[in-house]
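Beneath this line is the structure, given in structure tokens, with notes to follow.
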Protein chains: 2
Amino acid sequence: MEKISNDCLQKFKAVNDVKDILSGKWKVMIIASLSVFGEKRYMELQRIIDGIGTKMLSKELQELEINGLIKRTVMDTKPITVKYELTAYGLTLTPIIDEMASWGIQHRERVIKEMSAK
Amino acid sequence: MEKISNDCLQKFKAVNDVKDILSGKWKVMIIASLSVFGEKRYMELQRIIDGIGTKMLSKELQELEINGLIKRTVMDTKPITVKYELTAYGLTLTPIIDEMASWGIQHRERVIKEMSAK
DNA sequence: CGGGATCCAAGAAGATACTG
DNA sequence: CAGTATCTTCTTGGATCCCG
């Protein structure tokens, strides 16, 4: 008779895990960048993600790499360049990003409506 | 020729909006609690969400209320009680929570496999 | 270019005590 | 019970300099 409760708890804890993995101010946006725009270089990420500094970018990229969500590749170009991309595992986050994106788009429409309603 | 780029940017910004609205260490877990378990009281939320203190709980609940995602109702019981629940708008976040939950569950299975593989 | 190291300011968050 | 107020601690993150 507590079957439902256990399922809910399971679900709740699962959300908590995702929270932990995507904790940090910028991780979701890094994933979103790589998910939406595809493979990017360090500098490009910094330009895309508004307001992020080199320190935080490096730190969160490393944490994401440790968790196996992104892959870091050093290219042997004249001045060295590094590209980042989602791993196969990181790509499985796409549905979450997509859900967030579509919700955000609807949210914008809602906000616009509210403003014009005044 | 920059049509695709604009769509991507739109999408990216939309994700960013969601980030902002769900910013803060506990907001996602509060939403998840109310989504998974349904209407809850202040104290119940504090018990469910491991580690949260009264200060953060109050603060983030207020912010969520301001954003129209949750509804706060004061019940006139002997010792006063307050219940929180998702608004119709807050309920639209359910798909995101569900995606996170199912990803988290698969993530757990993966971690378990990795450990037993050793 | 892609970072690492250091220093420092600001804000987020915890603990505790208190109130209606 | 449901918070608020206060104080302290910890984390975040910005700025800067440096290195391969």
Side-chain angles (χ1 to χ4, degrees), chain A residues 15-16 18-34 37-67 69-87 90, chain B residues 15-16 18-34 37-67 69-87 90:
Chain A
V15 176
N16 199 36
V18 178
K19 252 296 101 188
D20 290 342
I21 290 172
L22 296 183
S23 70
K25 198 172 179 180
W26 308 99
K27 290 211 184 68
V28 175
M29 294 320 292
I30 292 173
I31 299 285
S33 300
L34 298 176
F37 299 113
E39 150 192 332
K40 284 293 162 197
R41 296 209 330 244
Y42 185 88
M43 197 195 167
E44 291 177 309
L45 285 174
Q46 191 173 8
R47 191 172 41 77
I48 292 170
I49 304 172
D50 191 58
I52 196 171
T54 64
K55 184 175 151 189
M56 283 302 114
L57 183 53
S58 299
K59 184 190 165 200
E60 307 231 310
L61 280 171
Q62 284 169 18
E63 291 175 5
L64 289 171
E65 194 188 358
I66 288 173
N67 279 321
L69 296 173
I70 65 174
K71 184 184 161 199
R72 178 178 178 272
T73 311
V74 180
M75 319 286 285
D76 54 344
T77 46
K78 334 75 189 259
I80 184 179
T81 57
V82 180
K83 74 172 179 184
Y84 290 91
E85 60 194 316
L86 292 178
T87 61
Chain B
V15 175
N16 199 36
V18 178
K19 253 299 99 184
D20 291 342
I21 291 172
L22 296 183
S23 71
K25 198 172 177 178
W26 307 100
K27 289 210 184 69
V28 174
M29 294 321 291
I30 292 173
I31 299 285
S33 301
L34 298 176
F37 300 111
E39 151 192 331
K40 285 293 162 196
R41 297 208 328 243
Y42 184 89
M43 195 196 168
E44 292 177 309
L45 285 174
Q46 192 173 7
R47 191 172 40 76
I48 293 170
I49 304 172
D50 191 57
I52 196 171
T54 63
K55 181 178 150 187
M56 281 302 112
L57 183 52
S58 298
K59 184 191 164 201
E60 307 229 314
L61 281 170
Q62 284 169 17
E63 291 174 5
L64 289 172
E65 194 188 0
I66 289 173
N67 278 322
L69 295 173
I70 65 174
K71 185 185 162 201
R72 176 178 179 273
T73 310
V74 180
M75 318 288 285
D76 55 342
T77 47
K78 332 83 193 251
I80 184 178
T81 56
V82 180
K83 75 171 178 185
Y84 289 92
E85 61 195 313
L86 292 179
T87 61

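A note on names: the letters A, B, ... follow the listed sequences, proteins ahead of strands, and every chain is numbered from 1.
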Which whole-number value in Å describes the distance from [X] [atom1] to [N] [atom2]?
X	N	atom1	atom2	answer
B:K25	D:dC10	NZ	P	13 Å
A:E44	C:dG3	CD	C1'	16 Å
B:L57	D:dA2	CG	C1'	10 Å
B:E60	D:dT4	CD	P	14 Å
B:K27	C:dA13	NZ	P	8 Å
A:M56	D:dA15	CE	P	13 Å
A:E65	C:dG4	CD	P	10 Å
B:K40	D:dG3	NZ	P	16 Å

- For C:dG14, take OP1 and OP2 only and decide whether either is under 4.0 Å from a side-chain N or O of B:W26.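 For B:W26, the contact criterion (side-chain N or O under 4.0 Å from OP1 or OP2 of C:dG14) is met.
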- Message: Whether B:Y84 contacts D:dG3 is assessed here as follows: a side-chain N or O lying under 4.0 Å from the phosphate OP1 or OP2. Is that the case?
- Response: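 Affirmative; the distance criterion is met.
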So what does [X] touch, heavy atoms closer than 4.0 Å: a base, only the sugar-phosphate, or nothing?
X	result
B:Q62	sugar-phosphate
B:K55	base
A:T81	sugar-phosphate
A:K59	sugar-phosphate
A:G53	sugar-phosphate

Show me the donor-acceptor pairs within less than 3.5 Å that the side chains of residues 37-47 of chain B make with the rest of the protein, sequence neighbours left out.
{"residue": "B:Y42", "atom": "OH", "partner": "B:T54", "partner atom": "O", "Å": "3.1"}
{"residue": "B:Y42", "atom": "OH", "partner": "B:S58", "partner atom": "OG", "Å": "2.9"}
{"residue": "B:E44", "atom": "OE1", "partner": "B:R41", "partner atom": "N", "Å": "2.7"}

Return the nearest nucleotide to the side chain of [X]; candidates are [options].
X	options	value
B:R72	D:dC1, D:dG3, C:dG2	D:dG3
B:I80	C:dG14, D:dC1, D:dG3	D:dC1
A:V82	D:dA5, C:dG2, C:dG4	C:dG2

- Map B:G24 and A:Y42 onto DNA chain C by nearest heavy atom, then report which one ends up closer to the 5' terminus.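 Here A:Y42 is the residue nearer the 5' end.
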- Task: Let me know which of B:N67, B:I31, B:I30 forms a side-chain contact (heavy atoms from CB on, under 4.5 Å) with B:L22.
- Result: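 So the option named by the test is B:I31.
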- Message: Minimum heavy-atom separation for B:M29 and A:V15, please, with both atom names.
- Response: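 Heavy atoms of B:M29 and A:V15 come nearest at SD-CG1, 4.0 Å.
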- Would you mind listing every salt bridge (charged side-chain N to carboxylate O under 4.0 Å, His left out) that reaches into residues 49-62 of chain A, with sequence neighbours excluded?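 Those involving residues 49-62 of chain A are A:K27-A:E60.
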- Item | Presence of donor-acceptor pair under 3.5 Å, side chain of B:S58 and base of D:dT4 |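 It does not, because no donor-acceptor pair links the side chain of B:S58 to the base of D:dT4 below 3.5 Å.
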- Item | Residues A:R72, A:I70; criterion side-chain contact (heavy atoms from CB on, under 4.5 Å); working and verdict | CA-CA 7 Å; A:R72 178 178 178 272; A:I70 65 174; over 6 Å; no
